[in-house]
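Inspection log for the structure reproduced underneath, given as structure tokens.
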Amino acid sequence: MSATLWAEMDDYIVERLLPADPVLEEALAASTAAGLPAISVSAAQGQMLHLFARMIGAKRILEIGTLGGYSAIFLARALPADGKLVTLEFEPRHAEVAAANLARAGLSDKVDLRVGRAIDTLPKLEAEGQGPFDLVFIDADKPSNPDYLHWALRLSRPGTVIICDNVVRSGKVLDAESTDANVIGVRRLFDLAGADPRLSTTAVQTVGAKGYDGFALLRVE
Ligand code: SAH
Ligand code: DHB
Ligand code: MG
């Protein structure tokens, strides 16, 4: 088994199952051209987020970590006409690229893009009465995962689905002695989620265009 094979299989999945999508391709190209890191979800993963949102009939979605808006396009496209995606991004440059990509996708009206540290924006969302969200996608700085889970719960209702990206990290998350802040953040998320009676949780390992990683899937009870 090799990363090349995983990537080739991902290409096959996308080619056979996902409609050709110039808007998404342009969003990735614009992100690359602007020098953004190539860490968006893969197309197959983005489609999974889109399908999850539609499966639960999500009308209000929160995303933590926008980057160039690639996953945001998948999520916002799942919304009904009166739906809203609130997406949080710390880097103004990333937010600028995302805003342009979302505009090209015709989604500006459905997306509320907030620039700043998510940990500062989340209490503001609560104060504004923005919750509860139907779906929360956590995909920003991994050391803050425990804080983001806390806020996802505050902004949720029974039935809210929370998805957290990058919880396997090529298996590095197994290392209880790790000093990597990303690994520590993920392990704390697992400890909190596993011990919280308000949550039903699993994590699924993935391979594909982005190598070996995985996502956690949580349901608020
Ligand atoms: N969800 C995106 C990828 C997000 S990458 C996609 O799949 O297309 C992670 C993003 O989180 C980066 O753009 C990074 O700038 C942002 N980020 C990092 N720390 C943050 C913070 N404290 N608050 C908000 N965003 C943050
Ligand atoms: C990184 C962040 C991500 O959200 C991701 O999906 C992959 C990598 C990173 O910070 O390296
Ligand atoms: Mg990610």
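The basis for the numbers below is simple: all heavy atoms, side chains too, and nothing from hydrogens, waters or symmetry mates. Here the structure is a predicted model, which is why all the values come from computation and not from measurement. Indexing begins at 1, ligand by ligand and atom by atom, following the structure's order.
Using a 3.5 Å distance cut-off with no hydrogens or angles, the side chains of Asp147 and Ser144 do not pair a donor with an acceptor.
Of the protein's heavy atoms, Ile39 CD1, 3.6 Å lies nearest to atom 2 (C) of ligand 2. The protein atom (non-hydrogen) at minimum distance from atom 26 (C) of ligand 1 is Phe90 CB, 3.5 Å. Residue, atom and distance of the protein heavy atom nearest to atom 6 (O) of ligand 2 are Lys210 NZ, 2.5 Å.
Contacts with ligand 1 closer than 4.0 Å are made by no heavy atom of Ile119, backbone or side chain. Only the side chain of Tyr148 comes within 4.0 Å of ligand 1, counting heavy atoms alone; its backbone N, CA, C and O stay farther away.
Ranked by closest heavy atom to atom 18 (C) of ligand 1, the top entry among Leu28, Asp141, Asp165 is Asp141. Looking at Asp139, Asn166, Asn182 and measuring to atom 5 (C) of ligand 2, the nearest heavy atom belongs to Asn166. Compare Ala95, Ala118, Ser31 by their heavy atoms: the one nearest to atom 23 (N) of ligand 1 is in Ala118. The residue among Val115, Asp139, Val41 with a heavy atom at the shortest distance from atom 9 (C) of ligand 1 is Asp139.
Around the NZ atom of Lys84, the shell of radius 6.0 Å holds more than 12 heavy atoms that belong to other residues, nucleotides or ligands. Residue-environment remark: CZ (Arg157) exceeds the threshold of 12 foreign heavy atoms within 6.0 Å. Counting non-hydrogen atoms of neighbouring residues, nucleotides and ligands closer than 6.0 angstrom, the CZ atom of Arg188 reaches no more than 12 such neighbours.
Here the NE2 atom belonging to His50 is positioned 13.5 Å from the OG atom belonging to Ser71, to the nearest 0.5 angstrom.
With the Mg ion (ligand 3) as vertex, Asp139 OD1 and Asn166 OD1 subtend 90°, rounded to 10°.
When side chains are defined from C-beta on, Arg60 does not count as touching Pro132, because their heavy atoms never get closer than 4.5 Å.
Remark: ligand 1 and Ala140 share no N or O pair separated by less than 3.5 Å (distance only, no angle test).
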Using the rule given for side chain to side chain contact (heavy atoms under 4.5 Å, CB included), can you reason through Thr206 versus Gln45, listing the C-alpha separation, both sets of side-chain angles and the distance that settles it, and then say yes or no?
CA-CA 9 Å; Thr206 56; Gln45 289 166 345; 3.9 Å; yes
